[in-house]
A.B. asks: 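Let me begin by handing over the structure; questions about it come next.
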Amino acid sequence: MACSRNDPRIDYHMDENTRMSDKSGTTANTVWHAHKICRHHREFLNGQRACLLWFTGLSGSGKSTIAGLVEERLHEQRKLTYLLDGDNVRKGMNGDLGFTDADRIENIRRIGEMSKLFVDAGVITLSAFISPFRSERAAVRDLMREGDFIEVFVDAPLDTCEGRDPKGLYQRARSGEIKNFTGIDSPYERPDAPEIHVVNDGSLSPREVADQVVGYLRQRQFI
Ligand SMILES: Nc1ncnc2c1ncn2[C@@H]1O[C@H](COP(=O)(O)OS(=O)(=O)O)[C@@H](OP(=O)(O)O)[C@H]1O
Ligand SMILES: Nc1ncnc2c1ncn2[C@@H]1O[C@H](COP(=O)(O)OP(=O)(O)O)[C@@H](O)[C@H]1O
């Protein structure tokens with residue numbers, strides 16, 4: 001399917017929002033290069049509207065499970081997706097970061113920038129990270145174009161998460177073996193106004209919860 005420069009469905013103006021943020025000012029002597037092929041061309045090619053689904057919640061709340069099921073549903077509908085997941089990213093690009101507040105802030109900053117690149121590639125991006133601080137989630141939202149950032153609060157009570165404890169981390173945090181564990185001795189700031197708030201306390205199956213997220217995407221015509 002060709003994408004000509006006369007296609008009325010495409011906004012060919014350079015997207016200001018594809019510029020990387022520079023809070024430190026260290027890129028003052030670099031100049032943004034506007035390439036001919038932009039996000040809109042890639043979305044056209046992919047036959048979809050890109051967005052960022054940002055899953056936040058306690059460890060064990062079900063972020064990975066729900067995000068994975070949502071991705072499967074999208075894949076079945078021939079949508080191009082990519083799922084960035086806390087444990088996986090920390091094994092690679094963010095392998096140098098731990099769980100102090102400062103490291104979590106840097107973790108989310110890098111993931112926000114990376115998510116933005118995926119969205120710019122025209123991909124429906126799913127990012128599943130505890131992302132415990134409101135200010136960092138707001139910073140990622142600010143990186144994105146209005147309407148592209150969909151915050152999904154995976155809400156499960158701490159005692160439910162602790163009861164699941166699939167990796168035995170809560171037990172180790174309670175015994176003091178792991179420090180700065182979210183919900184134990186490190187804070188989790190609940191979202192004030194997430195686009196999607198799913199309660200994943202076990203009263204619904206993961207599939208039913210994932211359906212709520214897919215329903216939102218359908219209702220808002222992302223898919
Ligand atoms: N101290 C501490 N606190 C919270 N979580 C811990 C900790 N140490 C290791 N883990 C494991 O790391 C996963 C969370 O990584 P994230 O990158 O999502 O965390 S954060 O957003 O930077 O807060 C998290 O994965 P999930 O359980 O999938 O959330 C844990 O497996
Ligand atoms: N709705 C649910 N009902 C029962 N168990 C669930 C539900 N959602 C997730 N789980 C289970 O809870 C555990 C933690 O889920 P996970 O997706 O790894 O959470 P997170 O990524 O937030 O740490 C897993 O063992 C998963 O199978």
Side-chain angles (χ1 to χ4, degrees), residues 52-73 81-112 114-115 125-141 149-214 216:
L52 172 58
L53 283 160
W54 187 274
F55 294 80
T56 173
L58 291 170
S59 175
S61 59
K63 301 179 298 296
S64 302
T65 305
I66 306 303
L69 288 168
V70 171
E71 186 178 38
E72 282 177 38
R73 294 285 305 277
T81 59
Y82 199 84
L83 171 51
L84 295 161
D85 191 280
D87 280 325
N88 298 357
V89 173
R90 279 178 173 279
K91 285 197 195 302
M93 187 182 74
N94 290 357
D96 58 326
L97 300 175
F99 289 91
T100 60
D101 287 3
D103 278 2
R104 289 180 200 258
I105 288 168
E106 176 61 8
N107 184 41
I108 299 306
R109 187 193 70 78
R110 291 183 198 171
I111 291 156
M114 191 162 54
S115 300
T125 308
L126 304 94
S127 293
F129 298 89
I130 297 177
S131 44
F133 306 132
R134 275 190 206 108
S135 53
E136 272 50 61
R137 296 193 300 262
V140 179
R141 182 186 290 275
F149 181 84
I150 302 167
E151 189 172 28
V152 186
F153 177 28
V154 183
D155 188 3
L158 179 63
D159 52 348
T160 304
C161 298
E162 203 165 348
R164 290 175 179 156
D165 205 9
K167 304 168 200 161
L169 295 176
Y170 280 99
Q171 207 176 3
R172 290 171 63 201
R174 286 290 184 197
S175 72
E177 191 191 328
I178 300 179
K179 301 282 179 223
N180 298 327
F181 199 83
T182 307
I184 308 295
D185 56 351
S186 183
Y188 178 78
E189 298 170 358
R190 292 166 64 89
D192 288 326
E195 277 72 16
I196 306 176
H197 181 172
V198 291
V199 176
N200 192 38
D201 58 2
S203 54
L204 293 177
S205 71
R207 200 162 288 282
E208 288 171 310
V209 175
D211 281 347
Q212 295 177 0
V213 179
V214 175
Y216 176 96

A.B. asks: Any heavy-atom pair between the side chains of Ser59 and Phe181 that's under 4.5 Å?
C.D. replies: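 Yes - at least one pair of side-chain heavy atoms lies under 4.5 Å apart.
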A.B. asks: Got a second to check how far Asp103's CG is from Arg90's CZ, nearest 0.5 Å?
C.D. replies: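 Spacing of CG (Asp103) from CZ (Arg90) equals 7.5 Å.
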A.B. asks: What's the shortest heavy-atom distance between Ala128 and Lys63, and which atoms?
C.D. replies: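 Of all heavy-atom pairs spanning Ala128 and Lys63, the closest is CB-CB, 4.1 Å.
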A.B. asks: Under 4.0 Å between a Lys/Arg side-chain N and an Asp/Glu carboxylate O for Arg141 and Glu195?
C.D. replies: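 Yes, this pair counts.
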A.B. asks: Around atom CD of Glu189, are there more than 12 heavy atoms from other residues, nucleotides or ligands closer than 6.0 Å?
C.D. replies: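 More than 12 within 6.0 Å, yes.
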A.B. asks: Do the side chains of Glu136 and Arg104 get close enough for a salt bridge, i.e. N-O under 4.0 angstrom?
C.D. replies: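 So Glu136 does not pair with Arg104 through a salt bridge.
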A.B. asks: How long is the gap from CG on Leu58 to OG1 on Thr182, to the nearest 0.5 Å?
C.D. replies: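 Taking CG in Leu58 and OG1 in Thr182, the distance rounds to 7.0 Å.
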A.B. asks: Mind listing the closest non-hydrogen atom pair of Ser127 and Ile111 along with its distance?
C.D. replies: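 So the minimum-distance heavy-atom pair works out to OG-CG2, 4.4 Å.
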A.B. asks: Please check if the side chain of Asp165 supplies one atom and the backbone of Leu169 the other of a donor-acceptor pair under 3.5 Å.
C.D. replies: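 Checking the backbone N and O of Leu169 against the side chain of Asp165, a donor-acceptor pair under 3.5 Å is found.
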A.B. asks: Which atoms form the tightest heavy-atom contact between Ile130 and Tyr188, and what is the distance?
C.D. replies: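 In terms of heavy atoms, the two residues are closest at O-CE1, 3.4 Å.
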A.B. asks: So which atom in Asp201 and which in Pro157 form the shortest heavy-atom distance, rounded to 0.1 Å?
C.D. replies: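 Closest approach of Asp201 to Pro157, heavy atoms only: CB-CD, 3.8 Å.
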A.B. asks: If you measure from CG on Leu83 to CD on Glu71, what distance do you get to the nearest 0.5 Å?
C.D. replies: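 CD of Glu71 is found 5.0 Å from CG of Leu83.
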A.B. asks: Could you walk me through whether Arg73 and Val213 pass the side-chain contact (heavy atoms from CB on, under 4.5 Å) test, one step at a time?
C.D. replies: CA-CA 10 Å; Arg73 294 285 305 277; Val213 179; over 6 Å; no
A.B. asks: Check Arg110 with Asp96, please: is the shortest side-chain N to carboxylate O separation under 4.0 Å?
C.D. replies: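 Salt bridge between Asp96 and Arg110, a charged N being under 4.0 Å from a carboxylate O: yes.
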A.B. asks: Check Asn88, Ile108, Val89 against Asn94 for a side chain to side chain contact (heavy atoms under 4.5 Å, CB included) and give me the one that passes.
C.D. replies: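 Of the listed options, the one satisfying the test is Val89.
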A.B. asks: Flag the pair Val140 / Leu52 as yes when at least one side-chain heavy-atom distance between them is below 4.5 Å, and no otherwise.
C.D. replies: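 Result yes, sub-4.5 Å side-chain heavy-atom pair found.
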A.B. asks: Please report the C-alpha distance between Met114 and Tyr82 in whole Å, then the side-chain angles of each, then the deciding distance to 0.1 Å, and finally whether the side-chain contact (heavy atoms from CB on, under 4.5 Å) criterion is met.
C.D. replies: CA-CA 11 Å; Met114 191 162 54; Tyr82 199 84; over 6 Å; no
A.B. asks: Over all heavy atoms of both residues, which pair between Gly176 and Lys179 is shortest? Give the atoms and the distance, please.
C.D. replies: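 Shortest heavy-atom separation between Gly176 and Lys179 comes out as O-NZ, 3.1 Å.
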A.B. asks: Closer than 3.5 angstrom, by distance alone: can the side chain of Asp155 be matched with the main-chain N or O of Val198 as a donor-acceptor pair?
C.D. replies: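 No; judged by distance alone, with no hydrogens or angles, the pair does not exist.
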A.B. asks: Are any non-hydrogen side-chain atoms of Leu158 and Tyr170 less than 4.5 angstrom apart?
C.D. replies: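 A side-chain contact exists here, since the closest heavy-atom pair is under 4.5 Å.
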A.B. asks: Checking Gln171 side chain against Gly168 main chain: does a donor-acceptor pair fall under 3.5 Å?
C.D. replies: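 Looks like no, no N/O pair under 3.5 Å.
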A.B. asks: How about Asp85 and Ser64: does a side-chain donor come under 3.5 Å of a side-chain acceptor?
C.D. replies: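 On atom types as modelled, these side chains qualify, holding a pair under 3.5 Å.
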A.B. asks: Taking only residues two or more places apart in sequence, or in another chain, which ones meet Pro206 in a side-chain contact (heavy atoms from CB on, under 4.5 Å)?
C.D. replies: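 Partners of Pro206 by the side-chain contact (heavy atoms from CB on, under 4.5 Å) criterion, ordered by chain and then number, come out as Thr65, Ile66, Leu69.
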A.B. asks: Taking only residues two or more places apart in sequence or in another chain, which ones pass side-chain contact (heavy atoms from CB on, under 4.5 Å) with Asp101?
C.D. replies: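 If we apply the side-chain contact (heavy atoms from CB on, under 4.5 Å) test to Asp101, skipping adjacent residues, the hits are Phe133, Ser186.
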A.B. asks: Would the number of heavy atoms belonging to other residues, nucleotides or ligands and lying under 6.0 Å from CZ of Arg134 be above 12?
C.D. replies: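 Yes - once you tally the heavy atoms of other residues, nucleotides and ligands closer than 6.0 Å, there are more than 12.
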A.B. asks: Looking only at heavy atoms, what is the nearest atom pair of Asn200 and Ala156, with distance?
C.D. replies: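 Looking at all heavy atoms of both residues, the closest pair is O-CB, 3.4 Å.
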